[in-house]
Amino acid sequence: MGDVLRYKTIYDKPGRLRIRWGQHAFSKAQGRGLEKMLVTHPWIHSAQASHVNGGLLIHYEKPERDKLLEFLGGLKVKEINPLNEDNAIDELDENFIRSFSIALGKLLFTRIFLPPPIRVVLTLKNALYFWKRGFTALGQGKLNVDVLDATAITASICKRDFATAASIMALLRITDLLEEYTRKKANATLSQSLILNIDNVWAVTADGDVLMPLSRIAIGDIIRVRMGGIIPLDGEVEEGTALVNESSMTGEPLAALRKPGHSVYAGTIVEEGSMTIKVKTLADNTRIQNIVSMINQSEALKAGIQSKAEKLADTIVPFSFIASALTFLFTGSIAKATSVLMVDYSCAIKLTTPICIISAMREAANRKILVKGGKHLEAFALADTIVFDKTGTLTVASPEVEKVVAFDGFNPDEVLKISACLEEHFPHSVAKAIVRQAEKENLHHAEEHADVEYIVAHGISSILNGEKVLIGSEHFIFDDEGIPLSDTEKAIIEKESDGYSVIYLAAGGKAAGMICVNDPVRTEAKAVLDTLRKLGMKRIIMLTGDGEAAARRVCETLGIDEYHSQVLPESKAEILRSLRGSGHTVVMVGDGINDSPALSCADVSVAMKDGADIAKEVADITLLSETLDGLVELRILSNQLLNRIRVNYRAILGFNTLLLLLGIGGAITPPASAVLHNLSTLALSGLSVRRYE
């Protein structure tokens with residue numbers, strides 16, 4: 001097969017086309033890639049590919065037939081990118097349906113077609129698995145659900161009620177299948193959301209650092225990663241020293257010092273410093289494995305309500321044994337005692353609560369919200385205070401440069417060019433605005449500086465033509481660095497800066513100019529804040545490093561009464577600690593490297609989609625959409641999660657208590673008690689998986 005796929009037309013009617021390339025034309029994963037490629041065209045409504053016969057069914061807008069045929073005629077194999085993650089989810093669905101069908105089929109086949117002696121042998125054989133689990137728990141000094149299940153099965157077998165024992169075991173296996181399926185599918189969905197979306201990297205070449213697509217990087221190439229950046233590929237440090245946060249892979253919260261000769265890995269974050277890395281591997285599976293590892297680790301971040309449920313479940317088990325013994329003592333009926341033993345509150349409690357939480361995490365991922373652990377959903381539901389960074393969070397992610405003002409000895413083009421040269425390495429919305437403006441004005445800011453040092457929340461320091469250049473906040477330039485200001489320059493600043501976010505540039509020990517950035521609020525921001533208030537957020541606070549005028553303008557627009565301007569990162573963190581110390585449950589929302597200290601101090605932290613890599617690494621939750629609307633969805637979803645868990649508790653308590661009373665009264669037999677109990681557990685598990693509205 002050549003590069004261009006040759007197909008045969010099977011069906012061709014206006015708006016609907018079916019073609020076929022034949023067997024082995026593409027793999028199942030490539031077929032899904034082809035489907036995704038096609039539906040990116042607005043005039044194609046849907047596409048269904050079959051790897052079995054190389055077929056493709058397309059529904060499209062009728063006037064675009066010629067365009068579609070032209071596209072298909074030039075289609076090349078290398079353009080079809082496989083989508084293995086979607087394939088994995090489909091395989092999970094298929095495996096669950098197959099396993100469920102096999103379990104149910106075995107039970108029915110055994111009951112209908114096999115003679116009683118063989119059924120007895122199979123029941124005893126299957127019971128060995130549950131007895132082993134029960135004895136293992138007892139050997140560890142635990143009296144848990146495994147012991148209760150084994151005892152219930154044993155009681156049925158001792159009564160020679162093999163049909164009930166077989167039914168109990170079949171239902172237990174089905175509930176295990178459901179839990180495993182739900183967890184794995186949630187993980188697969190989250191894995192797709194977490195895959196690193198790195199398109200371009202800085203390659204070190206003979207002509208200096210060049211921004212190029214990641215796909216063009218080869219093994220042995222040298223790439224540069226600076227502070228706040230994510231390491232895109234596995235490699236070895238060539239030059240430079242940096243602190244690298246490897247928690248996504250190792251779970252170690254403290255950054256590790258990495259020097260020349262040390263190995264570094266894809267998905268880790270440079271917290272401080274800068275380094276060049278010699279690429280050792282290009283395999284995407286390494287990145288994906290790191291991501292999946294992080295998801296699995298995040299499952300350990302259980303919600304408090306889940307931990308309480310598990311403790312409650314384990315506590316209830318001994319009472320089930322006591323209730324069964326008392327029933328036999330007072331009634332003398334083994335059947336009634338066995339009926340009590342068959343009823344278990346703990347099984348449903350322990351099973352449905354984590355399923356609710358994982359389903360909520362999966363639902364959040366479907367809504368483009370990445371949640372790293374169940375406890376963060378619970379904290380978001382219980383929060384009464386939400387704190388916002390301003391720039392890039394409450395304001396748009398793409399602010400615009402309104403004007404460039406040069407001081408004596410400099411011109412505006414020079415100020416903008418130098419500023420863009422320094423800012424292009426850092427993923428902040430204002431930095432991006434400065435770089436965009438330089439591109440609009442055709443100011444080519446080739447890198448002439450020796451190195452760039454980022455000072456968190458203050459600015460950037462570098463060397464240009466043998467002189468020290470600085471760019472950053474007013475506090476950084478004039479207070480920390482001691483750059484002098486003349487009366488004339490002070491007057492210019494006062495006149496030109498009102499209402500803007502201002503970035504200052506200094507070169508050679510004197511002020512060079514200022515860049516005024518218009519940072520309009522997000523169109524949805526006010527509606528989001530109003531809705532959050534209605535949903536129980538009692539305090540909404542804004543923190544910003546900008547001046548008083550710019551902060552006041554944003555707060556007046558959004559109706560925020562409480563704000564702090566000209567706040568340094570350590571001060572942001574201190575404000576968060578103070579709020580928590582006074583009894584508030586606090587959410588922090590930010591997007592920049594300078595927000596990371598405050599994000600770390602919140603009860604639950606949220607990073608924006610376009611935020612710095614390190615902010616997204618530190619944050620408990622990341623919004624993967626462009627807007628703040630995810631905060632409202634998150635509040636509603638987390639409230640629904642807690643409500644669903646409470647409803648499950650009431651249902652479990654009510655139904656199992658009813659079964660208990662009916663068993664003690666002799667109204668139902670032990671087999672009926674076992675079947676009803678397990679069916680109720682299965683039903684609640686199924687309801688816990690359902691979508692959140």
inquiry  = So if I apply the side-chain contact (heavy atoms from CB on, under 4.5 Å) rule between Cys356 and each of Leu641, Leu684, Val647, Leu687, which one comes out positive?
reply    = Leu641
Taking only residues two or more places apart in sequence, or in another chain, which ones meet [X] in a side chain to side chain contact (heavy atoms under 4.5 Å, CB included)?
X	answer
Phe655	Leu659, Leu676, Ser680
Thr557	Val521
Ala550	Asp546

[X]: side-chain hydrogen bond (donor to acceptor under 3.5 Å, both in side chains) partners, not counting sequence neighbours:
X	result
Thr544	none
Glu574	Arg577
Glu562	Arg539
Thr657	Tyr345

Quick one: does [X]'s side chain get under 4.5 Å of [Y]'s, heavy atoms only?
X	Y	value
His564	Ile575	yes
Leu634	Val371	yes
Ile231	Val244	yes

For residues [X] and [Y], report the shortest heavy-atom separation together with the two atoms involved.
X	Y	answer
Val270	Ala242	CG1-CB, 3.9 Å
Leu642	Ala381	CD1-CB, 3.7 Å
Phe380	Leu631	CE2-O, 3.7 Å
Met588	Asp389	CE-N, 4.0 Å
Leu529	Phe388	CD2-CE1, 3.4 Å
Gly590	Leu599	N-CD2, 4.0 Å

Applying salt bridge (Lys or Arg N to Asp or Glu O under 4.0 Å), name anything that partners [X], two or more places apart in sequence or on another chain.
X	value
Arg553	none
Asp629	none
Glu633	Arg367
Glu548	Arg552

query = Is Lys375 paired with Asp620 through a side-chain N to carboxylate O contact shorter than 4.0 Å?
reply = no
ask   = Are Ser565 and Lys390 close enough that a side-chain donor and a side-chain acceptor fall under 3.5 Å?
value = no
ask   = When rounded to the nearest 0.5 angstrom, what distance separates CD1 in Ile540 from CG in Leu532?
value = 5.5 Å
Side-chain donor or acceptor of Ser605 paired with backbone N/O of Ala602 under 3.5 Å = no
request  = Not counting sequence neighbours, list each pair that qualifies as a side-chain hydrogen bond (donor to acceptor under 3.5 Å, both in side chains) and has a residue in residues 523-532.
outcome  = Lys526-Asp530, Asp530-Arg533
